[in-house]
Student: 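Here you go, one structure.
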Amino acid sequence: MADKKKGRVFSGARPTGRQHLGNYLGAIRNYVALQDDYECIYCIVDLHALTTVETTKDLKANTYEMALDWLAAGIRPEETIVFVQSHVPQVTELHTILSMVTPLGKLTDLPTFKEKVRQQPHNVNYGLVGYPVLMTADITLYKADTVPVGVDQAPHIEFAREVVRSFNYRFGTNVLIEPQMKTTEIPKVLGIYGKDKMSKSLNNHIELAATPEETEKRVMQMVTDPQRIKRTDPGNPDVCNVFTMHKIFSPPEEVEMINVECRRAGIGCVDCKKRFAANLNKHLAPFRARRAELASDPDYIWDVLRDGADRARVIAEKTMEEVRAAVQLP
Ligand code: TRP
């Protein structure tokens, strides 16, 4: 089965707990689809999370909730490896070795690093500088050739490719594989207040696992076309985040109806949002049912993650044997 597939995918995400619509449309949906064509490895990068979190008390719960959402959304752990980064400590060994072929200046020049320095000037730690090296270790440890990520991660993938070339050249080997980035068409998912991207830290998100009532409440708070003040004002769906969401979750006839009626004030924002909430709840119903079913056995998710780590460790240890030999560690 595996040898009929196009290649091996690896992707990682920091444990952020219950996932929201932005995570779903930006990553999870794509992770699920890739399983049909690739051998997939999906990792919850708890070590990466340590570079930015203020407290570690929620790490475990956030890991659990995220894994639960992934599986409920259709990640299939029988074929796909789903695991927690720190459960396979070989990644830290590879990180150390790769750090020796990484020029420091390259790390401090990365836009992602500069951004973090701006965000947390009080905590510019060593791990933060090495973040992309650890990411390179993630990808290369599992010999992944394809990495699905958002465009914001492009500099990290380019960096990983350079580190792989340096390593292979320096040690006269080809044990590490240069990964390719795979970007997918992702709709721009804004938070409920418009303007900003949907994110948990801004508390402008809609959780996949919310109840239908909570979902409707959040949807009713959504900001629509700011020019449309009175019910009788015509609206402009092209600048309305609710309309963007309708295009993703509502049937085409309804999208078309709203597109026409909003422009001539035939439908109001309240009605429009109620319709969106209903369609979204309908879309998420199977996910929510599956989630509840998986959560009914509290050990299940941890069993899946343990099994994933066992399978990941086999690949990791084999790569490390080759790496240690290439480096000529005694
Ligand atoms: N840096 C990625 C992010 O913040 C997370 C990540 C860690 C990752 N290791 C990875 C992504 C390996 C792809 C491959 O989104």
Side-chain angles (χ1 to χ4, degrees), residues 7-17 19-20 22-31 34-35 38-53 59 62-63 66-67 69-70 75 80-95 98-99 102 107 110-117 119-120 125 127-164 176-184 186 189 197-201 308-309 312 315-316 319:
R8 183 178 286 168
V9 154
F10 183 100
S11 194
R14 279 173 283 181
T16 50
Q19 301 292 284
H20 55 67
N23 303 129
Y24 175 65
L25 299 170
I28 302 172
R29 197 166 62 157
N30 191 29
Y31 284 3
L34 285 166
Q35 296 177 115
Y38 294 83
E39 193 190 329
C40 296
I41 305 181
Y42 297 132
C43 181
I44 299 178
V45 293
D46 56 343
L47 297 173
H48 275 109
L50 293 181
T51 62
T52 53
V53 293
L59 266 184
N62 282 344
T63 298
M66 187 155 105
D69 278 345
W70 281 5
I75 304 274
T80 293
I81 296 180
V82 186
F83 76 109
V84 177
Q85 186 182 34
S86 68
H87 292 180
V88 184
Q90 280 86 346
V91 76
T92 61
E93 182 185 358
L94 185 55
H95 168 264
L98 294 181
S99 73
T102 304
L107 288 169
L110 282 168
T112 41
F113 174 68
K114 292 182 181 160
E115 165 100 24
K116 285 290 172 221
V117 173
Q119 286 171 355
Q120 50 182 67
N125 60 74
L128 201 55
V129 187
Y131 185 108
V133 186
L134 183 57
M135 189 166 154
T136 306
D138 279 331
I139 301 164
T140 55
L141 185 59
Y142 302 102
K143 300 205 174 186
D145 45 48
T146 308
V147 184
V149 279
V151 278
D152 62 311
Q153 294 293 313
H156 285 162
I157 305 301
E158 193 43 50
F159 171 89
R161 294 166 59 83
E162 288 170 19
V163 171
V164 167
L176 299 188
I177 296 176
E178 250 184 79
Q180 301 279 345
M181 163 155 168
K182 189 175 171 64
T183 37
T184 29
I186 295 169
V189 191
K197 207 171 119 176
M198 186 176 285
S199 89
K200 189 171 171 171
S201 55
I315 306 172
T319 304

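For ligands, and for the atoms within them, numbers begin at 1 and follow the listed sequence. Residues take their numbers from the sequence shown, with the count starting at 1.
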Student: Assert yes or no for the condition that the ring centre distance of Phe159 to Phe113 is strictly below 6.0 Å.
Tutor: no
Student: Would Ser11 count as being in polar contact with ligand 1, using the rule that some N or O on each side must be under 3.5 angstrom apart?
Tutor: no
Student: Identify the two heavy atoms, one from Thr319 and one from Leu141, that lie closest to each other, and give their separation to 0.1 Å.
Tutor: OG1-O, 2.8 Å
Student: Could you list the atoms of ligand 1 found under 4.0 angstrom from a heavy atom of Val45?
Tutor: 7 (C), 9 (N)
Student: Check the orientation of Tyr142 and Phe10. Use parallel for under 30°, tilted for 30 to 60°, and perpendicular for over 60°.
Tutor: parallel
Student: Check each atom of ligand 1 against the heavy atoms of Gln153 and keep those under 4.0 Å away; list them by number with element.
Tutor: 1 (N), 2 (C), 3 (C), 4 (O), 15 (O)
Student: List the closest protein heavy-atom neighbour of atom 1 (N) of ligand 1: residue, atom name, distance to the nearest 0.1 Å.
Tutor: Tyr131 OH, 2.8 Å
Student: How about Tyr38 and Thr146: does a side-chain donor come under 3.5 Å of a side-chain acceptor?
Tutor: no
Student: So, for Thr16 and Lys200, which heavy atoms are closest and what is the spacing to 0.1 Å?
Tutor: O-NZ, 2.9 Å
Student: Measuring from atom CD1 of Ile139 to atom OG of Ser11, what distance do you get when rounded to the nearest 0.5 angstrom?
Tutor: 8.0 Å
Student: Any atoms of ligand 1 less than 4.0 Å from a non-hydrogen atom of Val149? List them with their elements.
Tutor: 11 (C), 13 (C)
Student: Please work out whether the ring planes of Tyr31 and Tyr42 are parallel, tilted or perpendicular, with thresholds of 30° and 60°.
Tutor: parallel
Student: How far is atom 10 (C) of ligand 1 from its nearest protein heavy atom, and which residue and atom is that?
Tutor: Met135 CG, 3.4 Å
Student: Show the atoms of ligand 1 that are less than 4.0 angstrom away from any heavy atom in Val147.
Tutor: 13 (C), 14 (C)
Student: Quick one: closest heavy-atom pair of Asp46 and Ser86, and the distance?
Tutor: OD2-OG, 2.5 Å
Student: In the protein, which heavy atom is nearest to atom 5 (C) of ligand 1, and how far is it?
Tutor: Gly12 O, 3.4 Å
Student: Under 4.0 Å from a heavy atom of His48: which atoms of ligand 1 are those, numbered in the order shown and with their elements?
Tutor: 7 (C), 9 (N)
Student: Give the numbers and elements of all ligand 1 atoms closer than 4.0 Å to a heavy atom of Arg14.
Tutor: 4 (O)
Student: Which option wins on minimum heavy-atom distance to atom 9 (N) of ligand 1: Leu134, Asp138, Val91?
Tutor: Asp138
Student: Which part of Ile139 is near ligand 1, with near meaning a heavy atom under 4.0 Å away: side chain, backbone, both or neither?
Tutor: side chain
